[in-house]
Number of protein chains: 2
Amino acid sequence: MGKRDTEQALGADGPVQFSVDRSSPVPLYFQLSQQLEAAIEHGKLAPGSLLGNEIELAGRLGLSRPTVRQAIQSLVDKGLLVRRRGIGTQVVHSQVKRPLELSSLYDDLEAAGQKPATRVLLNTTTEADAEVAAALGIAEGAEVALVERLRLAHGEPVAHLRNHLPAGLIELKTAELEETGLYRLMRSAGITLHSARQAVGARAATVEEGERLDEPEGAPLLTMQRTTFDDTGRAVEFGSHVYRASRYAFEFQLLVRP
Amino acid sequence: MGKRDTEQALGADGPVQFSVDRSSPVPLYFQLSQQLEAAIEHGKLAPGSLLGNEIELAGRLGLSRPTVRQAIQSLVDKGLLVRRRGIGTQVVHSQVKRPLELSSLYDDLEAAGQKPATRVLLNTTTEADAEVAAALGIAEGAEVALVERLRLAHGEPVAHLRNHLPAGLIELKTAELEETGLYRLMRSAGITLHSARQAVGARAATVEEGERLDEPEGAPLLTMQRTTFDDTGRAVEFGSHVYRASRYAFEFQLLVRP
DNA sequence: CGGTCCGTCTTGTCCGGACAATGTGACCTC
DNA sequence: GAGGTCACATTGTCCGGACAAGACGGACCG
């Protein structure tokens, strides 16, 4: 009965089928959004194809339209779908890389198959200087934890990491720091990382930095300063890091919210 | 009649007042979210203070609870509010910098009061090589626009910018490129920028780069490669840029979506 | 005094419906 | 044939209600 022929989201044998389990404790909208995301990821929903209108989709699944909209909206926020009033909802054309987690050097190296290792150079407490106090939003002179680490890949130095944390937030054990990344330790301590403000620059290596990182004096180094916040807006970490430019580059994705 | 005393969002003279205009074409939830955001921005809602429960807020404004929730949710997504079941919704503790737009060097310099200027070195079309084709998702050898620019601040060079764009997307006039940034031109051409994938690294300047940027050979340079996508997922620009590390650093904010 | 249970508060999820806004395509008119 | 007009399809906004889930405080009991 459709007056208009539309490019439907069809597989080889009909429309992609979704289903929800009402006995599951997982919210219905979340079940649906995961199935949609998986279908997009696996190419079952081709880029550019229309999803079919919300009301019919809701009826087919036995859900209400608000629930279906909530599922779709979460994927729109992720950049996987585009809604167009009067047209429909379609899959974006290019495969979108995932929004990229707050990059952890340890995880980055591990994912690249580089077998990261860590040498803890310092694990103590100190008084916050002006820069650290401003970054963490605490008083100058307040006690903070200070960790300095050398991160290695394949036995060669990649970066020198210096981190300051508010006192009492987490107890950092040197043995743990040698075996995993700082963010993993914080997450397993119940801290939910939420956002980070970063500044990335470059400069020439000093003699000391060169010795530490096995680079000649004057070699280009990548520098990053980062303040990380948890979900309540507290600053939970301030890092001041130096990377060998010959061994590392940052990759990340920015989303624009208009 | 409240059995519990809660830290309310109070000003000097009672709770902050909001109001909506039903005759306005602006959606109600958007009116409310803007007023909430402004109140947070101006400190009228103190960090950590509770917002008051949704049902009462809805009743006070003459709105339904879903509408109020939609307004609140948009601010939660922005990282300005935190919801806690059984507790309430509260303002995050630290002032959050805005999510940071897709950084435009031109806008960055202008915002810093640096009076940016642009010298267009090249404005032509060419065939996409393998790297450009892969980044833009087009065929190798396809026609692309190519622009090379030197960006100056206070008359001194800051960066060398090379951009490739799919053919036919936008007509770039050299005169316009000298006067504003590429992103502004694209936006005013009706292209809605959505996300970008970036890689930032560093390296030592070659002789030619040094001459172009007024740096000695071997000076540290910041490099960035960026592919920008519009809201349908099309790649609309691939940039390969080189910055003087002594004059520029990237600042940006990353959001973690759990 | 301490631990457990329970009630209450708040957000989370879900439903069904209604009307508005907008883009598309077909139809009609000139 | 060209242009404007109109109906239709689809998402956008908004409402009112219902129950569930989690968190906190206080009462109760050992």
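Rounded to an integer number of Å, the gap from CG of B:Asn53 to C1' of D:dG22 is 16 Å. Distance, B:Leu50 CG to C:dC9 P: 15 Å, rounded to whole Å. Rounded to an integer number of Å, the gap from CZ of B:Arg83 to P of D:dG22 is 16 Å. Rounded to a whole Å, the CG atom of A:Leu81 is 15 Å from the C1' atom of D:dT10. Residue A:Arg84 contributes atom CZ, which lies 13 Å from atom P of C:dG25 at whole-angstrom precision. Going from atom CG of B:Leu51 over to atom P of C:dC9 covers 19 Å, rounded to whole Å. Nucleotide C:dC9 holds its P atom 13 Å from the CD atom of B:Glu56, rounded to whole Å. Per the geometry, CG belonging to A:Leu57 stands 12 Å off P belonging to D:dT10, to the nearest Å.
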- Note on the structure: In 5'-to-3' order, the base (B), backbone-only (S) or no-contact (-) status of each nucleotide in nucleotides 13-19 of chain C, using a 4.0 angstrom heavy-atom cut-off, is BSBB-B-

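The shortest heavy-atom contact between A:His194 and B:Gly79 is CE1-CA, 3.9 Å. Of all heavy-atom pairs spanning A:Ala135 and A:Thr227, the tightest one is O-CG2, 3.3 Å. Between A:Leu51 and A:Leu36 the shortest heavy-atom distance is CD1-CD2, 4.2 Å.
A donor-acceptor contact closer than 3.5 angstrom is absent between the side chains of A:Thr118 and A:Tyr106.
Distance check: A:Arg187 CZ to A:Leu182 CG gives 10.0 Å after rounding to the nearest 0.5 Å.
With sequence neighbours excluded, the residues that form a side chain to side chain contact (heavy atoms under 4.5 Å, CB included) with A:Thr192 are A:Asp231.
Pairs of residues two or more places apart, or lying in two chains, never qualify as salt bridge (charged side-chain N to carboxylate O under 4.0 Å, His left out) while including a residue from residues 17-29 of chain B. Contacts classified as salt bridge (charged side-chain N to carboxylate O under 4.0 Å, His left out) and involving residues 174-185 of chain A (residues at least two apart or in different chains) are given here: A:Asp107-A:Arg184, A:Glu110-A:Arg184.
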- In dot-bracket notation, what is the pairing pattern of DNA chain D, taking Watson-Crick (N1-N3 plus N6-O4 or O6-N4) and G-U wobble (N1-O2 and O6-N3) contacts under 3.5 Å, with [ ] crossing and | for other strands? ||||||||||||||||||||||||||||||

Without placing hydrogens or testing angles, list every side-chain donor-acceptor pair under 3.5 Å for residues 66-76 of chain B, not counting sequence neighbours.
unit_1: B:Thr67; atom_1: OG1; unit_2: B:Ser64; atom_2: OG; d: 3.2
unit_1: B:Arg69; atom_1: NH1; unit_2: B:Glu54; atom_2: OE1; d: 3.3
unit_1: B:Arg69; atom_1: NH1; unit_2: B:Glu54; atom_2: OE2; d: 3.1
unit_1: B:Gln73; atom_1: OE1; unit_2: B:Arg83; atom_2: NH1; d: 2.7
unit_1: B:Gln73; atom_1: NE2; unit_2: B:Asp77; atom_2: OD1; d: 3.2
unit_1: B:Ser74; atom_1: OG; unit_2: B:Ala71; atom_2: O; d: 2.7

